[in-house]
Amino acid sequence: MEVQQKVDLAPYNTFGVSAKAAHFAYITSAEDLRSGLDYSRQLDLPILVLGKGSNLLFTKDFYGLVLQMDWRGIDWLDALDRVTVACGEDWHDFVIQCMNKGLHGIENLALIPGSVGAAPIQNIGAYGVELSDVVYEVSAMDIRTGEIIKFDYEHCKFSYRNSFFKHKEGKKFIVTSVTLQLSSAWQPNIAYPSLKQALTSTKPSPLQVFDTVCQIRGSKLPDPGKLGNAGSFFKNPVISREKLTTLQLDFPKIPVFDSEINEFVKVPAAWLLEKAGWKGKTRGKAAVSTNHALVLVNLGGASGQDIQLLAQEIRSSVLEQFDIALEPEVQLI
Ligand SMILES: Cc1cc2nc3c(=O)[nH]c(=O)nc-3n(C[C@H](O)[C@H](O)[C@H](O)COP(=O)(O)OP(=O)(O)OC[C@H]3O[C@@H](n4cnc5c(N)ncnc54)[C@H](O)[C@@H]3O)c2cc1C
């Protein structure tokens with residue numbers, strides 16, 4: 001494992017913002033990862049585990065060691081419809097490989113940017129499916145000992161855009177691989193309204209679901225290759241039914257959907273931002289997408305701080321108008 005110094009992180013994040021990593025290394029194996037951890041301990045450096053940088057915003061230089069997870073490999077356990085995939089594999093490419101193998105369950109998660117290792121961190125989800133629906137176990141290295149430990153489904157503590165790995169204890173682990181329980185029997189999951197509406201058949205094939213998801217995403221979300229962004233910037237807030245009743249007095253058409261707890265509902269953050277007039281607004285080179293109010297974009301040359309300031313302004317205005325505190329889905333570094 002070779003450690004580089006003063007590396008510009010612009011090519012390593014989908015916002016395309018510049019920030020310097022004082023130390024940077026590609027990780028392609030358990031041995032590399034242990035060497036990286038030793039290096040950080042010897043120099044007393046903080047570490048940042050980096051996948052494809054599609055869910056974070058660099059707001060300043062990072063003086064520690066960036067470990068860019070480039071560890072590849074897929075192990076198909078055909079007899080069990082199970083597959084173990086290394087953390088550095090590209091998520092969307094992996095979805096395609098599963099489909100080509102006749103293993104189903106993740107077609108709805110097509111075209112989500114990022115690495116496999118980051119997928120369990122925020123329990124990626126889209127179009128009615130979450131990663132947690134198919135996780136069998138997650139393997140992760142304990143940064144204190146270098147030991148790789150297997151976490152079964154229960155121990156991952158998945159919930160909406162959340163998992164054990166996002167919290168204090170979980171941050172002591174680096175995901176090395178994910179094992180999914182897929183199915184060779186095709187059972188489409190097409191209840192999600194916009195997906196159902198866009199599909200031409202009520203009994204679609206896996207490829208039809210995959211293609212439709214890709215089409216919807218392509219029409220709504222800016223391509224990070226062309227316009228820097230990290231997808232949805234804020235999580236959908238969860239509010240009590242009591243608070244909803246109060247809000248409905250002023251906003252009778254406020255859309256809501258069920259949350260994991262019966263007494264609470266989720267409000268689409270995109271609706272709040274649109275209602276507050278943020279869609280298409282710009283602040284210098286930082287802007288809110290004209291297509292999707294929840295997506296903040298780098299028009300070219302914005303700094304991480306420019307985007308952070310825009311996010312803060314949006315948060316204050318939503319708090320003022322709806323008394324709802326938005327939480328970022330994107331990690332601020
Ligand atoms: C256009 C666009 C659309 C998107 N759509 C969706 C969507 O529909 N649904 C959704 O859920 N997300 C979506 N996202 C967010 C993003 O794609 C996911 O969160 C993805 O899983 C991030 O992967 P990454 O490799 O880029 O992670 P990074 O951004 O590199 O890292 C994200 C976080 O995970 C940590 N991390 C990364 N790898 C590991 C590891 N191996 N072990 C421990 N920690 C790790 C990092 O330290 C960081 O805190 C979208 C993003 C974009 C740009």
Side-chain angles (χ1 to χ4, degrees), residues 9 11-17 27 30 33 36-37 46-58 62 64-71 85-95 106 108-132 138-143 148 151 156 158 160-167 170-178 192 194-195 213-214 216-236 270 289 291-292 294-298 328-333:
L9 295 169
Y12 299 99
N13 71 94
T14 58
F15 265 121
V17 297
I27 301 299
L33 190 48
L37 293 171
I47 55 165
L48 171 66
V49 183
L50 182 64
K52 309 259 177 192
S54 66
N55 200 32
L56 42 79
L57 175 65
F58 291 112
F62 185 71
L65 170 66
V66 170
L67 301 168
Q68 204 282 315
M69 306 306 283
D70 199 23
W71 183 346
V85 53
C87 57
E89 290 286 343
D90 180 83
W91 173 259
H92 178 67
D93 289 349
F94 171 65
V95 172
I106 51 175
N108 299 41
L109 302 180
L111 221 57
I112 297 182
S115 61
V116 165
I121 308 297
Q122 74 146 357
N123 184 21
I124 56 168
Y127 301 99
V129 172
E130 287 187 330
L131 184 82
S132 54
V138 172
S139 296
M141 186 179 284
D142 186 328
I143 60 173
I148 294 181
F151 291 83
C156 293
F158 290 119
Y160 169 65
R161 298 297 177 274
N162 208 347
S163 73
F164 164 77
F165 302 102
K166 262 194 148 174
H167 297 273
K171 284 185 177 168
K172 293 174 185 155
F173 294 88
I174 297 174
V175 173
T176 53
S177 70
V178 179
Y192 196 84
S194 59
L195 178 59
V213 166
C214 291
I216 304 175
R217 293 185 72 94
S219 67
K220 275 192 181 168
L221 294 167
D223 175 356
K226 295 181 183 145
L227 190 62
N229 76 90
S232 303
F233 197 92
F234 297 102
K235 290 186 198 175
N236 291 323
S289 163
N291 252 3
H292 196 310
L294 201 46
V295 180
L296 305 195
V297 296
N298 178 359
E329 181 175 317
V330 169
Q331 318 240 342
L332 304 182
I333 309 285

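Nothing fancy with the numbering, it's 1 onward along the sequence. In listed order, ligands and their atoms are each counted from 1.
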For [Y], does its backbone N or O pair with a side-chain atom of [X] as donor and acceptor, under 3.5 Å?
{"X": "Gln68", "Y": "Gly51", "result": "yes"}
{"X": "Ser115", "Y": "Gly88", "result": "no"}
{"X": "Asn13", "Y": "Phe58", "result": "no"}
{"X": "Trp91", "Y": "Leu109", "result": "yes"}
{"X": "Ser163", "Y": "Phe158", "result": "no"}
{"X": "Lys52", "Y": "Ala118", "result": "no"}

Could you give the distance from CG (Asn123) to SG (Cys156), rounded to the nearest 0.5 Å?
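Asn123 atom CG to Cys156 atom SG measures 9.5 Å (nearest 0.5 Å).
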Going from CG on Asn55 to CD on Glu329, what distance comes out if it is rounded to the nearest 0.5 angstrom?
5.5 Å
Just go through [options] and tell me whose heavy atom is the nearest to [atom].
{"atom": "atom 42 (N) of ligand 1", "options": "Val175, Val213, Ile333", "answer": "Val175"}
{"atom": "atom 25 (O) of ligand 1", "options": "Ala140, Ala110, Ser115, Cys87", "answer": "Ser115"}
{"atom": "atom 21 (O) of ligand 1", "options": "Leu57, Ile124, Asp223, Ile174", "answer": "Ile124"}
{"atom": "atom 36 (N) of ligand 1", "options": "Asn13, Val49, Leu131", "answer": "Val49"}

May I ask you to identify the nearest protein heavy atom to [atom], giving residue, atom name and distance to one decimal place in Å?
{"atom": "atom 20 (C) of ligand 1", "value": "Pro113 O, 3.4 Å"}
{"atom": "atom 1 (C) of ligand 1", "value": "Asn229 OD1, 3.4 Å"}
{"atom": "atom 29 (O) of ligand 1", "value": "Asn55 N, 2.8 Å"}
{"atom": "atom 52 (C) of ligand 1", "value": "Gly231 N, 3.3 Å"}
{"atom": "atom 44 (N) of ligand 1", "value": "Ile121 CD1, 3.4 Å"}
{"atom": "atom 19 (O) of ligand 1", "value": "Gln122 NE2, 2.7 Å"}
{"atom": "atom 22 (C) of ligand 1", "value": "Ser54 OG, 3.2 Å"}
{"atom": "atom 48 (C) of ligand 1", "value": "Leu56 CD2, 4.0 Å"}

With only distance considered, is Gly125 within less than 3.5 Å of ligand 1 through an N or O on each side?
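N/O-N/O distance below 3.5 Å exists for this pair.
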N/O of Gly53 under 3.5 Å from N/O of ligand 1, yes or no?
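Yes; the residue has a nitrogen or oxygen that sits under 3.5 Å from a nitrogen or oxygen of the ligand.
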Could you pull out the closest heavy-atom pair between Leu56 and Phe15, with the gap in Å?
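That would be O-CD1, 3.7 Å.
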Test of understanding: with side chain to side chain contact (heavy atoms under 4.5 Å, CB included), list the residues that count as partners of Leu221, not counting sequence neighbours.
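For Leu221, the residues satisfying side chain to side chain contact (heavy atoms under 4.5 Å, CB included) (neighbours in sequence not counted) are Arg217, His292, Val295.
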Numbering the atoms of ligand 1 from 1, which are under 4.0 Å from a heavy atom of [X]?
{"X": "Gln331", "answer": "49 (O)"}
{"X": "Gly114", "answer": "23 (O), 24 (P), 25 (O), 26 (O)"}
{"X": "Ala126", "answer": "8 (O)"}
{"X": "Leu50", "answer": "30 (O)"}

Surrounding OH of Tyr192 (heavy atoms of other residues, nucleotides or ligands, distance under 6.0 Å), is the total greater than 12?
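No - once you tally the heavy atoms of other residues, nucleotides and ligands closer than 6.0 Å, there are 12 at most.
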Going by the rule side chain to side chain donor-acceptor pair (under 3.5 Å), which residues pair with Asn298 if we only count those two or more places apart in sequence or in a different chain?
none
Is Glu130 close enough to touch ligand 1? Criterion: a residue heavy atom under 4.0 Å from a ligand atom.
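Under 4.0 Å: no for Glu130.
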Looking at ligand 1, is there an atom of it that comes within less than 4.0 Å of some heavy atom belonging to Arg217?
yes
